[in-house]
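Okay, so here's the structure we're looking at.
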Amino acid sequence: MNAPLTETRKTAIADSNPIDRMRALAAGFARRAADYDAQDRFAAENFAEIKAAGLLAAGVPAEFGGGDASYREMSEMLREMAHHCSGTALALAMHTHPLMANVWRWRREKAPVEGLLKRVAGENLMLLSTGGNDWLNGSGSAEAVEGGYRISARKRFVSGAEAGDLLMTMAIHGDTVLHAGVSMKAEGVRIEQTWRTLGMRASGSQDVVLDKVFVPEAAIAVKRPAGVWHPFFHLVTMIAFPLIYSVYRGVGERLRDEAVALASKRRLEGDAQLQVGAMEAALAAAMAAHEKMVDIADHATPGPETSARMMTLKRTMTDSLLALGNLALDAAGGSAFYRVNSAERLFRDLQAARYHPLTALSQQRLAGRLALGLDADGRAA
């Protein structure tokens, strides 16, 4: 159960930097990371500490009881967290990006999202996201009933499912995709333990099953055509991916440090020097791409051109990080193959960067369409 934040804790949140509060938790996160990975276990203890520290509300505007952290500060917090536990950082990113999208809507559009923001701060709510698996097409069915809909679906890759409170999800009614927040305590909601994966095990990205869950009409936040770009997804693209990839940048930075520490045992060898040098270039490329992504999210306007540019930068960053992972294992040598050294785990965690939308071919298609004068859906502009 999530305890509401007291006035004393709200004041402490408003007066402290989320990065500093995260660093206060870092030692415990780092100490537990290998066990979470070895046991395929969700980072429940870490999220108890995250909630107690008020980090869920760090990005909520001060007038609604939050920490008023900037977008860049939230990015840096996730990056720092990933140095200590990749999966914890990834699961928190999946709360942070829908939160910051709503903050953007409130600040830039005066959208009526004040109630949600107040609930995150006042009730210490954790949001869960299913958009990465659903994306433009959506998934699941919504049956119209008196007063609303009954939603049935299986939502995969729900990071942090066991700690979450409100599932930000979608379902299909006819040709329309409906977006809504669904309480994880609602009748018909259950978690299935399916997350046995190559990496990012601590994220606990289990399946969430919705079995005829009632959602009132008033809870439907967005209605959009299925399978095509919509303004909502241009906003998601602009806000979500710099935050999510803050995590992968942090993993890459930590892997680089671990690889250098292992490679230092053979630093006089020419091959090691070349491999570390190539790794430095790959990390620099990833960092440069990510800095531009954050800058776009901070200053741009969502739309097709912004989405295409963001996805191209994400692709560039992903390719650089995956190259870094290979180079890190080469530079570290056989020592990196042993699980006693964290380089092996970090390499596996980094592989998840390839699976977030848009994946490689879809990204190329979007970039190609806009360059050729078509719209995001491939129609003549």
Side-chain angles (χ1 to χ4, degrees), residues 26 29-47 78-97 128-130 132-133 156-163 191-207 240-241 243-259 261-262 279 282-283 286 290 314-315 317-332 334-357 359-360:
F29 287 9
R31 186 173 60 251
R32 293 186 283 264
D35 285 342
Y36 290 141
D37 179 75
Q39 298 169 22
D40 288 302
R41 191 161 65 87
F42 171 58
E45 296 87 350
N46 290 359
F47 273 89
L78 292 167
R79 174 179 164 236
E80 176 68 26
M81 189 176 292
H83 292 165
H84 309 288
C85 183
S86 313
T88 298
L90 185 62
L92 186 59
M94 298 307 175
H95 159 85
T96 303
H97 81 73
L128 302 172
S129 173
T130 70
N133 182 47
R156 300 174 64 204
F157 309 124
V158 183
S159 299
E162 293 166 68
I191 297 171
E192 293 196 357
Q193 301 287 326
T194 55
W195 192 243
R196 293 182 61 82
T197 53
L198 176 71
M200 287 293 182
R201 296 167 181 169
S203 70
S205 304
Q206 313 290 358
D207 286 11
F241 290 102
L243 294 170
I244 294 168
Y245 278 75
S246 298
V247 175
Y248 292 108
R249 175 176 171 177
V251 176
E253 290 168 342
R254 180 61 186 272
L255 177 55
R256 176 265 178 203
D257 291 347
E258 294 295 321
L262 292 171
M279 182 175 63
L283 179 58
H290 184 249
K314 183 183 84 70
R315 167 74 182 278
M317 186 178 180
T318 299
D319 289 349
S320 298
L321 287 171
L322 294 177
L324 180 152
N326 291 333
L327 289 162
L329 264 62
D330 288 341
S335 296
F337 203 65
Y338 287 84
R339 295 184 70 174
V340 69
N341 294 314
S342 60
E344 176 268 348
R345 169 169 48 83
L346 294 165
F347 173 84
R348 288 187 287 103
D349 288 342
L350 204 56
Q351 302 312 303
R354 68 179 76 228
Y355 295 115
H356 298 276
T359 50

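Just so you know, these numbers come straight off a predicted model, no measurement behind them.
Residues passing the side chain to side chain contact (heavy atoms under 4.5 Å, CB included) test with Arg31: none are found, sequence neighbours excluded. Residues passing the side chain to side chain donor-acceptor pair (under 3.5 Å) test with Arg256, sequence neighbours excluded: Glu280. Residues meeting the side chain to side chain donor-acceptor pair (under 3.5 Å) test with Glu80, sequence neighbours left out: His84. Partners of Asp319 by side chain to side chain donor-acceptor pair (under 3.5 Å), not counting sequence neighbours, listed by chain and number: Arg315. Taking Ser342 as the reference, Glu258 meet the side chain to side chain donor-acceptor pair (under 3.5 Å) condition, with sequence neighbours excluded. In this structure Arg41 satisfies the side chain to side chain contact (heavy atoms under 4.5 Å, CB included) test together with Tyr36, Gln39, Glu45, sequence neighbours excluded.
Taking CE of Met81 as the reference point, atom CG of Leu90 lies at 11.5 Å (rounded to 0.5 Å). Here the CG-CE distance, from Asp330 to Met279, works out to 10.0 Å after rounding to the nearest 0.5 Å. Between the CG atom in Asp257 and the CZ atom in Arg254 there is a gap of 7.5 Å [rounded to 0.5 Å]. Taking CZ of Arg249 as the reference point, atom CG of Leu324 lies at 12.0 Å (rounded to 0.5 Å). Between Ser129 atom OG and His97 atom NE2 the span is 3.5 Å, to the nearest 0.5 Å. To the nearest 0.5 Å, atoms CG (Leu346) and CD (Glu253) are separated by 12.0 Å.
Taking the side chain as every heavy atom from C-beta outward, Phe47 and Leu92 approach each other to under 4.5 Å. At least one side-chain heavy atom of Ile244 sits under 4.5 Å from a side-chain heavy atom of Phe241. Here the side chains of Leu322 and Gln351 are in contact, with some heavy-atom distance below 4.5 Å.
Pairing each heavy atom of Gly160 with each of Leu128, the nearest pair is O-CD2, 3.4 Å. Among all heavy-atom pairs drawn from Met317 and Tyr245, the shortest one is CE-O, 3.2 Å. Across all their heavy atoms, Ala93 and Val247 have their closest contact at CB-CG2, 4.0 Å. Counting all heavy atoms, side chain and backbone alike, Tyr338 lies closest to Glu344 at O-CB, 4.0 Å. Considering every non-hydrogen atom in both Lys314 and Pro357, the closest pair reads CE-O, 3.3 Å. Of all the heavy atoms in Thr318 and Arg354, the pair that sits closest is CG2-CA, 4.0 Å.
When His290, His83, His356 are each tested for a ring-ring contact (aromatic ring centres under 6.0 Å, His included) with Tyr248, only one passes: His356. With Ser86 as the fixed residue, the side chain to side chain contact (heavy atoms under 4.5 Å, CB included) test singles out one of Leu255, Asp37, Asp349: Asp349.
For the residue pair Thr88/Asn46, the side-chain donor-acceptor check at 3.5 Å is satisfied.
In this structure, the side chain of Arg348 engages the main chain of Leu198 through a donor-acceptor pair within 3.5 Å. With Trp195 contributing its side chain and Met200 its backbone, the two residues share a donor-acceptor pair below 3.5 Å.
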**Request:** Determine, stepwise, if the pair Asn341 / Ser335 fulfils side-chain hydrogen bond (donor to acceptor under 3.5 Å, both in side chains).
**Result:** CA-CA 7 Å; Asn341 294 314; Ser335 296; 4.8 Å; no

